[in-house]
2 protein chains.
Amino acid sequence: MEMGKKTARTTTTEALLGLLSICPMSGYEVRQMVETSIGNFWSESYGQIYPALKRMVADGLAEMKETRTEGRPAKKVYSLTERGQERLGEWLGIPAERQVYRNELLLKLFFGSRAEMPFLRSQIEVRRNALAVDLARYHEIEKRVLGFDEQPGKKFWLMTVRYGIAEAKALMVWCDDCLKEMQ
Amino acid sequence: MEMGKKTARTTTTEALLGLLSICPMSGYEVRQMVETSIGNFWSESYGQIYPALKRMVADGLAEMKETRTEGRPAKKVYSLTERGQERLGEWLGIPAERQVYRNELLLKLFFGSRAEMPFLRSQIEVRRNALAVDLARYHEIEKRVLGFDEQPGKKFWLMTVRYGIAEAKALMVWCDDCLKEMQ
DNA sequence: GGGTGCATGTAATGGGTTACATGATTCT
DNA sequence: AGAATCATGTAACCCATTACATGCACCC
């Protein structure tokens with residue numbers, strides 16, 4: 001019953017390995033990075049980040065150096081150790097698992113016959129609008145990334161952005177189809 | 001900092017309200033329903049279902065009746081009360097929130113410059129294949145649902161299936177684009 | 001007697017967000 | 001003096017999965 005998965009699950013630690021591989025950072029900067037660069041498909045809160053960084057140092061995956069900049073509070077900058085880089089490499093080699101994302105909109109839609117049609121339509125309209133906003137933002141990001149100098153990460157960042165674009169476009173079409181159905 | 005969301009979050013209870021509105025069921029049957037009908041966009045485990053059903057009875061949202069069928073273990077069948085139906089209606093009226101899904105594949109891809117290209121390609125190939133399998137299954141489901149008699153839920157079930165189809169198709173194209181990029 | 005499917009549940013564990021708590025520095 | 005931003009952390013809580021525990025009924 002309800003079977004065994006030996007959980008080699010991806011977690012905060014792996015995300016931090018990746019981020020620190022781009023450049024050494026403090027916990028606060030990690031949080032900002034998450035929001036500005038991988039925020040479209042990943043999230044981390046302080047409550048996860050700070051303890052994880054500590055653990056990584058304890059496990060020999062990262063090193064900490066306290067630094068002071070003129071006119072700023074002191075900060076603790078973390079960088080990967082040799083072992084941390086190895087660990088990152090290992091993790092990148094394991095195929096990503098697909099968990100079932102819980103999709104609240106689809107759940108509500110599935111029970112649509114119990115709802116009032118106008119409410120339901122508005123559900124879809126709200127989503128369509130949100131997707132349009134996303135799409136515009138993704139195009140912005142794409143343009144910005146295209147402007148970067150040639151660097152190793154560039155092509156991969158573009159791929160992640162284009163995932164967002166492909167998904168948003170497809171789902172907008174789906175929304176339109178649904179709205180037609182609901183007349 | 002890290003702001004207040006007054007959490008009217010969707011949870012097991014709401015999903016159960018919906019499922020029980022389709023027909024009265026036992027916890028065991030709920031689990032089966034989840035796997036066979038909404039499993040593509042929702043998940044629930046026994047560890048959630050049984051306690052939630054109990055709570056719903058305590059909150060006056062559902063009623064329990066123990067029934068015995070010849071040659072089967074006894075089971076506890078739950079059905080919605082008046083209040084349960086109202087609660088379902090209210091929930092259906094609230095626009096679904098979008099949480100940021102954590103997408104492990106994109107996370108790995110974002111750090112792609114630290115990985116070996118063959119590993120990375122295989123990540124994408126694995127995903128492409130999984131999507132193809134999904135797509136075939138969705139088409140199967142679509143065909144089956146189209147065969148149903150006319151009933152209130154039918155058009156909504158089709159919408160949820162077509163969401164899966166739209167998404168899978170778009171992401172397969174994305175996979176192909178990525179693979180071309182990675183040569 | 002043993003495997004399988006039906007059926008109900010709890011406890012341990014994991015992983016995450018939110019709220020709380022504190023403090024430096026800079027700008028207005 | 002007060003607001004905003006930079007900076008670090010902990011504790012409470014929530015929700016979910018996994019593993020464990022039990023038992024009936026049926027068929028081989």
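Within every chain, numbering begins at 1; the chains are lettered A, B, ... in the order of the sequence lines, protein sequences first and strands thereafter. The structure displayed is predicted, hence computed values, not measured ones.
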Kindly point out which of C:dT8, D:dA25, C:dG16 is positioned nearest to the side chain of B:Arg68? D:dA25

Nearest whole angstrom, please: distance from the P of D:dT8 to the CD1 of A:Ile49. 10 Å

Using atom types as modelled and distance alone, determine if a side-chain donor or acceptor of A:Lys108 lies under 3.5 Å from a backbone N or O of B:Ile94. yes

Hey, does the side chain of B:Tyr50 come within less than 4.0 Å of C:dT8's phosphate (OP1/OP2), counting only N and O? yes

Spacing of A:Tyr101 atom OH relative to D:dA16 atom P, expressed in whole Å: 17 Å

To the nearest Å, give me how far apart CD (B:Glu35) and P (D:dT17) are. 11 Å

B:Tyr28 atom OH is separated from D:dC24 atom P, nearest whole Å, by 17 Å

Please determine whether a side-chain nitrogen or oxygen atom of B:Ser43 lies at a distance below 4.0 Å from atom OP1 or OP2 of D:dA16. no

Do any N or O atoms from the side chain of B:Glu142 and from the backbone of B:Leu158 form a donor-acceptor pair under 3.5 angstrom? no

Ignoring the backbone of B:Thr12, work out which of D:dC6, C:dG16, D:dA16 is nearest its side chain. D:dA16

Hey, does the side chain of A:Arg102 come within less than 4.0 Å of D:dA16's phosphate (OP1/OP2), counting only N and O? yes

Please report, rounded to the nearest Å, how far the P atom of C:dA24 is from the CD atom of A:Glu70. 16 Å

So which nucleotide from D:dC15, C:dT17, D:dG9 ends up closest to the side chain of A:Lys54? D:dG9

Between A:Tyr163 and A:Asn40, a side-chain donor and acceptor under 3.5 Å: no

Please determine if a side-chain N or O atom of A:Arg72 lies less than 4.0 Å away from the OP1 or OP2 oxygen of C:dT26. no

I'd like to know if the side chain of B:Glu29 pairs up with that of B:Ser26 as donor and acceptor (distance under 3.5 Å, no hydrogens or angles considered). yes

Among C:dT25, C:dT8, D:dT17, the nucleotide that comes nearest once only the side chain of B:Ser45 is considered: D:dT17

Establish, with yes or no, whether the OP1 or OP2 oxygen of D:dA16 is under 4.0 angstrom from a side-chain nitrogen or oxygen of B:Thr11. yes

Within the pair B:Lys75 and D:dC24, is there a side-chain N or O less than 4.0 Å away from OP1 or OP2? no

If you draw the axis of the six-membered ring of B:Tyr46, does the NZ or CZ of B:Arg31 fall within 45° of it and under 6.0 Å from the ring centre? yes

Separation of atom CD in A:Gln99 from atom C1' in C:dG16, rounded to whole Å: 13 Å

Whole Å only: how far is the CD atom of A:Gln48 from the P atom of D:dC14? 17 Å

With respect to the phosphate group of D:dG9, does any side-chain polar atom (N or O) of A:Arg31 fall under 4.0 Å of OP1 or OP2? no

Side chain of A:Pro73 (C-beta onward), nearest among C:dG15, D:dA7, D:dG9: D:dA7

Rounded off to whole Å, could you give me the CD-to-C1' distance for the A:Glu66 and D:dT8 pair? 10 Å

Inspect the contact between B:Arg162 and B:Glu167 and indicate whether a charged nitrogen and a carboxylate oxygen are less than 4.0 angstrom apart. no

Under 4.0 angstrom between A:Ser26 side-chain N/O and D:dC6 OP1 or OP2: no

